[in-house]
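These notes concern the structure reproduced below.
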Amino acid sequence: MKFSQIYAPTLRETPAEAEVVSHQLMLRAGMIRKAAGGIYTYLPLAWRVLKKIEHIVREEMDAQGGQELLMPIVQPAEMWQESGRWAVYGDEMFRLTDRHDRNFCLGPTHEEMITTLVRSDVRSYRQLPILLYQIQNKYRDEIRPRFGLMRGREFIMKDLYSFDKDEDGLNISYKKMYDAYTNVFSRCKLKFRPVEADSGAIGGSGSHEFMVLAESGEAEIVYCTSCDYAANVEKAELLPLDEISTGEKLPLTQVHTPNCKSIADVAKLLHIDKQQTIKSIAFETDQGPVLALVRGDHEVNEIKVLNKLNLINITMASEKSIIDDYQSVPGFIGPCGLPKKIKIIADVNVMKMINAAAGANIADYHLQNVNPGRDFAADIIADIRLIQENDPCPHCAMPVKKARGIEVGQVFKLFTKYSSALKATYLDENGKEKPMVMGCYGIGVSRTMAAAIEQNYDEHGIIWPVPIAPYQVVVIPVNSKDTNQVQLAELVCRQLNLHGIDSVWDDRNERAGVKFKDADLIGYPLKITIGPKSISEQTVEVKERKTGQIHFFSTSDYLENIIELLQKL
RNA sequence: CGGGGCGUAGCGCAGUUUGGUAGCGCGCUUGGUUCGGGACCAAGAGGCCGUGGGUUCAAGUCCCGCCGCCCCGACCA
């Protein structure tokens with residue numbers, strides 16, 4: 001392939017709209033162009049990468065017994081109304097009406113579509129399990145699309161849905177997908193980590209997210225340095241800590257603490273450690289006001305509070321709510337003497353504190369010698385704190401570390417949430433009707449492409465991992481006026497392609513520097529330079545994009561050497 | 001939706017304070033010289049200054065409305 005024939009308009013300067021590296025580099029490398037906010041055209045180079053990722057995904061899905069199908073993007077409202085999600089999904093769903101005023105949406109996901117399909121055709125346990133998947137555009141009208149392909153409104157997704165007769169079957173399907181995902185991201189040569197994830201309102205035991213490790217990742221994860229535990233911080237459970245305070249419970253006293261609105265201020269003024277204070281965070285929820293208590297040196301994990309209380313919505317309480325509902329004062333909230341309607345959820349470690357300091361619910365006052373149980377009662381005592389670096393691993397108690405990641409996949413046990421709602425049932429061995437037990441497993445394909453760049457780039461451009469590079473090799477004749485060089489470059493390129501190595505040669509009448517810069521920007525794993533020496537000494541110069549390492553191979557045996565190099569990379 | 005910023009040539013930007021003939025760099029076209037890390041010289045093409053209204057002799061610039069984009073937050077693959 002001649003580079004001049006590829007529609008890859010590279011840019012010397014970074015368009016102002018791009019913030020994150022993957023977005024900047026894909027625009028500059030002529031891979032994507034924006035059509036609207038969060039909606040992009042994939043130009044040929046990007047499309048080649050996407051097809052390679054999809055190919056790996058397909059092979060791994062098929063290897064686990066998955067069958068590919070294609071479902072509509074435009075979905076009728078009825079099935080969403082039946083599952084109850086037409087109302088729940090809210091503004092994030094792209095909705096449209098046809099000429100007869102019938103309601104449709106652009107599919108954000110396909111549980112409804114696949115479940116109504118399977119329910120109409122599957123009757124018997126003998127037909128299960130079934131693993132069906134699709135790769136296609138999905139749509140979410142994100143409040144704020146950003147980061148280029150990382151959070152678009154239209155994106156390419158692989159979703160596989162499993163249907164089993166019971167939970168044992170689901171566990172097997174789940175394991176298959178977990179393994180398949182591990183294979184997919186390994187084959188893409190990405191540094192990633194499967195982490196335990198929150199399974200949200202659906203509950204149940206199982207969900208893992210697959211995180212591509214990158215500084216720019218939106219998700220925070222913790223992992224153990226001595227065992228293989230890893231989790232999203234939202235999910236990470238915590239062992240109760242040792243008691244830190246001992247001694248006799250002293251009488252409750254009120255202290256003047258003007259302008260001390262933070263834990264740090266209070267601790268400083270009272271000459272105590274942050275560990276001896278109680279942090280009170282006020283929330284508004286669909287079940288009314290909830291006060292969450294953690295030790296002063298800890299943070300509240302909102303997701304845990306949400307799950308422990310079976311809530312749907314939780315937000316920080318407004319100042320108005322703190323005054324009206326809590327009858328308190330922002331900055332001076334505490335658990336003592338609140339109105340009865342305030343539900344108190346306390347972290348396990350708070351209940352072990354003795355003679356702590358907490359807000360007095362009066363402006364510029366705190367309470368000292370607060371003793372949980374004596375001075376306030378918690379409605380719920382649970383693990384609600386956010387894990388911190390060096391907290392003990394919940395599996396082996398060794399200190400955990402933190403990292404950032406980009407969520408590129410999630411495996412999820414749905415159980416019978418959708419099969420019950422949509423009546424996808426089968427007859428078991430005893431002729432009894434039961435709902436199918438489902439799982440869903442997604443991979444953000446277009447996001448994976450972006451994540452690969454976030455993890456592999458330098459100041460010159462992209463550094464593609466070999467398996468997903470748009471082309472593995474670029475061949476550059478240094479002097480485009482030198483017919484010998486040009487002819488050799490074309491020959492080398494043809495040879496490589498004949499041996500299954502995706503290659504281009506840069507036939508443009510440009511100075512060498514321009515061609516080198518574009519090659520680095522686009523990020524071919526290998527660059528072959530054809531210069532004067534290639535002609536006089538019959539050698540080619542091969543440079544590894546990632547390391548900059550240079551090899552010289554003879555024109556007689558470069559093929560074997562390049563094949564070997566590509567396998568090593 | 002709340003907070004902040006921006007819409008001027010394909011891209012990056014200046015010009016707006018103080019209204020008076022629309023500019024710079026890169027890219028693009030043509031010719032010449034160059035040719036191993038984004039060359040040089042010369043000559044060109046290219047803009048309803050996001051959009052609608054208003055003020056004015058005169059609006060890129062002042063006023064009002066609308067649209068779009070980017071960043072921070074709630075949401076998420």
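In the text below, chain A, chain B and the rest are named by the order of the sequence lines, each starting its count at 1.
- The environment of CZ in Arg494(A) is sparse: at most 12 heavy-atom neighbours from other residues, nucleotides or ligands sit within 6.0 Å.
- Taking atom C1' in both C64(B) and C57(B), the straight-line distance is 23 Å, to the nearest Å.
- At C72(B), one or more side-chain N or O atoms of Arg146(A) fall inside 4.0 Å of OP1 or OP2 (strictly under the cut-off).
- For U61(B) and U51(B), the P atoms lie 11 Å apart once the distance is rounded to whole Å.
- Around NZ of Lys308(A), the count of heavy atoms belonging to other residues, nucleotides or ligands within 6.0 Å exceeds 12.
- The stretch residues 24-56 of chain A comes close to RNA chain B through Arg28(A), Lys34(A), Gly37(A), each having a heavy atom under 4.0 Å from the strand.
- Counting any heavy atom pair closer than 4.0 Å across all strands shown, Lys158(A) reaches no nucleic acid atom.
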Is there any protein nitrogen or oxygen under 3.5 Å from a nitrogen or oxygen in nucleotides 7-9 of chain B, and what are the pairs?
none

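- Here the separation of G65(B) from C70(B), taken at their P atoms, is 23 Å to the nearest Å.
- Using a cut-off of 4.0 Å between Lys/Arg side-chain N and Asp/Glu carboxylate O, Arg508(A) and Asp518(A) are scored as salt-bridged.
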- Would you please test Asn232(A) and Asp198(A) for side chain to side chain donor-acceptor pair (under 3.5 Å) and show each step? CA-CA 8 Å; Asn232(A) 192 311; Asp198(A) 177 49; over 6 Å; no
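- Across the P atoms, C48(B) and C11(B) are found 14 Å apart, a figure rounded to whole Å.
- C13(B) is paired with G23(B) under the criterion used here, namely a Watson-Crick or G-U wobble arrangement in which both key atom distances are under 3.5 Å.
- Taking atom CD on Glu284(A) and atom P on A74(B), their separation rounds to 16 Å, with Å as the unit.
- When both pairing distances are held under 3.5 Å, C40(B) makes a Watson-Crick or G-U pair with G32(B).
- The aromatic rings of Trp47(A) and Tyr42(A) lie parallel to each other, their planes meeting at an angle below 30°, with 60° marking the opposite boundary.
- Taking the six-membered ring where tryptophan is involved, the planes of Tyr174(A) and His208(A) are tilted, since the angle between them lies from 30° to 60°.
- Pairing each heavy atom of Lys189(A) with each of Pro465(A), the nearest pair is CB-CB, 3.7 Å.
- Under the Watson-Crick or G-U wobble criterion, with both distances below 3.5 Å, A74(B) has no partner in any strand shown.
- In this structure, Tyr40(A) has its ring center closer than 6.0 angstrom to the ring center of His23(A).
- Counting any heavy atom pair closer than 4.0 Å across all strands shown, Glu142(A) reaches a base atom.
- In terms of position on RNA chain B, the residue among Gly152(A) and Val478(A) whose nearest nucleotide sits closer to the 5' end is Val478(A).
- C72(B) and G53(B) have their P atoms separated by 36 Å, given to the nearest Å.
- Whole-Å rounding puts the Phe147(A) CZ to C70(B) P distance at 11 Å.
- Taking the six-membered ring for Trp and the full ring otherwise, the centers of Phe553(A) and Tyr558(A) sit at least 6.0 Å from each other.
- Thr109(A) and Glu111(A) form a side-chain donor-acceptor contact under 3.5 Å, judged by distance and modelled atom types alone.
- Tyr89(A) and Asp141(A) form no side-chain donor-acceptor contact under 3.5 Å, judged by distance and modelled atom types alone.
- One donor-acceptor pair, N or O on each side, does fall under 3.5 Å between the base of G36(B) and the side chain of Glu541(A).
- Separating the P atom of G15(B) from that of A74(B) is a span of 35 Å, rounded to the nearest Å.
- Under the Watson-Crick and G-U wobble criteria, each requiring two contacts below 3.5 Å, nucleotide A58(B) is left unpaired.
- Judged by Watson-Crick or G-U wobble contacts below 3.5 Å, the nucleotide C66(B) has G50(B) as its partner.
- Side-chain nitrogen and oxygen atoms of Arg447(A) include none within less than 4.0 Å of the OP1 or OP2 phosphate oxygen of A77(B).
- Of the two residues near RNA chain B, Pro15(A) and Val408(A), the one whose nearest nucleotide lies more 5' is Pro15(A).
- Going from atom CZ of Arg153(A) over to atom C1' of C75(B) covers 14 Å, rounded to whole Å.
- For the pair Glu92(A) CD and A77(B) C1', the computed distance is 11 Å after rounding to whole Å.
- Among the atoms of the strands shown, none is found under 4.0 Å from any heavy atom of Gly461(A).
- The base of C11(B) does not come close enough to the side chain of Arg12(A) for any donor and acceptor atom to sit less than 3.5 Å apart.
- Looking at heavy atoms from C-beta onward, Leu291(A) lies out of side-chain contact with Ile281(A) at the 4.5 angstrom threshold.
- We find that NE2 of His460(A) is positioned 9 Å from C1' of G37(B), with the value rounded to whole Å.
- A salt bridge does not link Glu544(A) with Lys527(A): every distance from a Lys NZ or Arg NE/NH1/NH2 to an Asp or Glu carboxylate oxygen is 4.0 Å or more.
- Across residues 509-531 of chain A, Arg511(A), Ala512(A), Gly513(A), Val514(A), Phe516(A), Lys517(A), Asp518(A), Asp520(A), Lys527(A), Thr529(A), Gly531(A) each have a non-hydrogen atom less than 4.0 Å from an atom of RNA chain B (numbered order).
- Within the nucleic acid shown, Pro532(A) comes within 4.0 Å of at least one base atom, counting heavy atoms only.
- Tyr178(A) and Phe210(A) have their aromatic ring centers within a separation under 6.0 angstrom.
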